[in-house]
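Atom set for the values below is all heavy atoms of this structure, side chains included, hydrogens, waters and symmetry mates excluded. Remember, it's a predicted structure, so these values are computed and weren't measured experimentally. Below, read A as the first sequence line, B as the second, and so on, with proteins coming before strands; counting in each chain starts at 1.
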Protein chains: 2
Amino acid sequence: MRDGPDIARIASLVGDPARANMLMALMDGGALTASELAVEAGVSLPTASSHLSKLMDGGLLALASQGRHRYYSLSGTQIASMLESIMGVAAAVGPRRTRPGPKDETMRVARVCYDHLAGEQAVAMLDGFLARDILVVAGEIVTLGPAGKEFFATAGIDIAALSGRRRPLCRSCLDWSVRRSHLAGALGAAILDHIMDRKWARRLPGSRAVRFTPPGRLAFEGVFLPPR
Amino acid sequence: MRDGPDIARIASLVGDPARANMLMALMDGGALTASELAVEAGVSLPTASSHLSKLMDGGLLALASQGRHRYYSLSGTQIASMLESIMGVAAAVGPRRTRPGPKDETMRVARVCYDHLAGEQAVAMLDGFLARDILVVAGEIVTLGPAGKEFFATAGIDIAALSGRRRPLCRSCLDWSVRRSHLAGALGAAILDHIMDRKWARRLPGSRAVRFTPPGRLAFEGVFLPPR
DNA sequence: AGAATGCTTCGATTAGTGTCGAACTATGCG
DNA sequence: CGCATAGTTCGACACTAATCGAAGCATTCT
């Protein structure tokens, strides 16, 4: 017996291919039913159900019952963070079994991570925020900088409405594809909503990848990235 | 089959209790022999050997053969980062099986994470560096700030000697006990060396916990923490 | 060279767990 | 009230993988 938290218990939950696929499918922050997750994992419904109850016992999933549907989702951003961290190792040490195809390219540029934007675009955005004192960072904690309040007001994001919650306004989240951090937290989620509401980008069906439309990309860069 | 890196393969490697114990024992960044790791994991030598070759295949461990000893260590800081991230989840969702005893208290305050200092002291140190513009941070990348060069010169840490290597000078590493980041990278390692060289603190035998001596703590706070 | 130590490989046993079909429960619809 | 759909539980099977003892290699000490 060793000290410290029971890391093997958590890791073994993620260590089964079927469960890993389910978790990956939930990485976009959405909620899926047991049947949908069974398809994602490529197993039968009973098998999926068994896995789901294990993941629930382990505390990795949250459950929302709505009528005869039971929606499963990741139980928090911390879970998504851990999964991205494991993905980082897997991408680094693993054999390049998935050589960068067109979809992977899109995924590297922009994708959804739990409920916020990840990938090169997201990393560039956070870097820009920090460079322009819109955000400042200490450790994992990211907070509004001197230029922040005004910036988000003109960008059309209501900071005040976001700050009330228990959830931290900003957080950083390590990116498996670029090995840099991007913006998570309530603000990260709000920005993703902003992008989707304006249809600047659309989700690729059945994937976490996000493809910007040409005008959408220009709009996004104009509002959220620093001028070059 | 899904896109993305093979996360299940990595997680299942960590998911076995014996292997998890071995990895935890290596979290202090040291290198241990197969026999030592067998003891840590509580298994026989053949069993340990089998696990070690699996971890090698998975790319999680590095091996240094010296004579008839074979020293195993984590293959990089990224592995340590991932483990801390899993520990974070395990600590958050897991039952409090290890209720905070005296040793855990010490561990929370200061411990060794791979090759640098972690725990409350380390988090306070990084926060202080950022507040005083000794370091600045953008995403996961931490770099020297305007006040950095002078600070480390007076503190007695030779930045120039550290910058030559391929290893990044600074990095942040998420702390499972405090859920904040602390300083990793070559600079983080150099500071831990600094502390140990001057015997400001000592490692608790058989643990990653670090206990400062009373005068050592004062010296550390005087040099590396901001004045209150 | 011979003995001793560190470590790995082999072989056999065993425990755990992932898998699915079938039966069972629950919710919603007509 | 029956029928269809969503989901869980049960039982049986198969397979992986963890485990250890014994034997085999490699390196160092005497």
Name of the residue among B/Leu61, B/Leu60, B/Leu83 meeting side-chain contact (heavy atoms from CB on, under 4.5 Å) with B/Leu26: B/Leu61
Distance, rounded to the nearest Å, where A/Leu52 contributes CG and C/dG18 contributes C1': 14 Å
Interatomic distance where CE belongs to B/Met22 and P belongs to C/dC7 [whole Å]: 12 Å
Rounded distance in Å - CD (A/Glu36) to C1' (D/dA6): 11 Å
Phosphate-side-chain proximity, B/Lys54 and D/dA17, N/O vs OP1/OP2 below 4.0 Å: no
Donor-acceptor contact present, side-chain B/Thr213 to main-chain B/Trp200, <3.5 Å: yes
A/Ser50 side chain to A/Thr47 side chain, donor-acceptor N/O pair below 3.5 angstrom: no
Student check: side-chain heavy atoms of A/Tyr71 and A/Leu32 closer than 4.5 Å: no
Separation of C/dC7 P from B/Tyr72 OH (nearest whole Å): 8 Å
Heavy-atom side-chain contact between A/Arg202 and A/Val210 under 4.5 Å: no
A/Thr33 versus A/Glu36, side-chain donor and acceptor atoms under 3.5 Å: yes
Touch class at under 4.0 angstrom, heavy-atom based, for A/Thr33 against every strand present: sugar-phosphate
Rounded distance (Å) that lies between atom P of D/dT5 and atom CG of A/Leu45: 14 Å
Bend angle of the helix from C/dA1-D/dT30 to C/dG30-D/dC1, from helix axes over five pairs at each end, nearest 10°: 20°
Electrostatic pair B/Asp16-B/Lys54, nearest N-O below 4.0 angstrom: no
Touch class at under 4.0 angstrom, heavy-atom based, for B/Tyr71 against every strand present: nothing
Base-contact (B) and sugar-phosphate-only (S) positions in nucleotides 21-30 of chain C, heavy-atom cut-off under 4.0 Å, - elsewhere: BB----BS--
Residue met sooner reading DNA chain C from 5', once A/Asp16 and B/Ala34 are mapped to nucleotides: B/Ala34
For atom CG of B/Leu61 and atom C1' of C/dC7, their distance in whole Å: 15 Å
A/Phe212 and A/Phe220 aromatic ring geometry - parallel, tilted or perpendicular at 30°/60° bounds: tilted
Contact under 4.0 Å: B/Arg70 side-chain N or O vs D/dA26 OP1/OP2: no
Between P of C/dG6 and CG of B/Leu32, the distance in whole Å: 15 Å
Any donor-acceptor N/O pair, A/Gln78 side chain to B/Gly88 backbone, under 3.5 Å: yes
A/Asn21 CG to C/dG18 P, straight-line distance once rounded to whole Å: 14 Å
Below 4.0 Å: OP1/OP2 of C/dT19 and any side-chain N or O of A/His51: yes
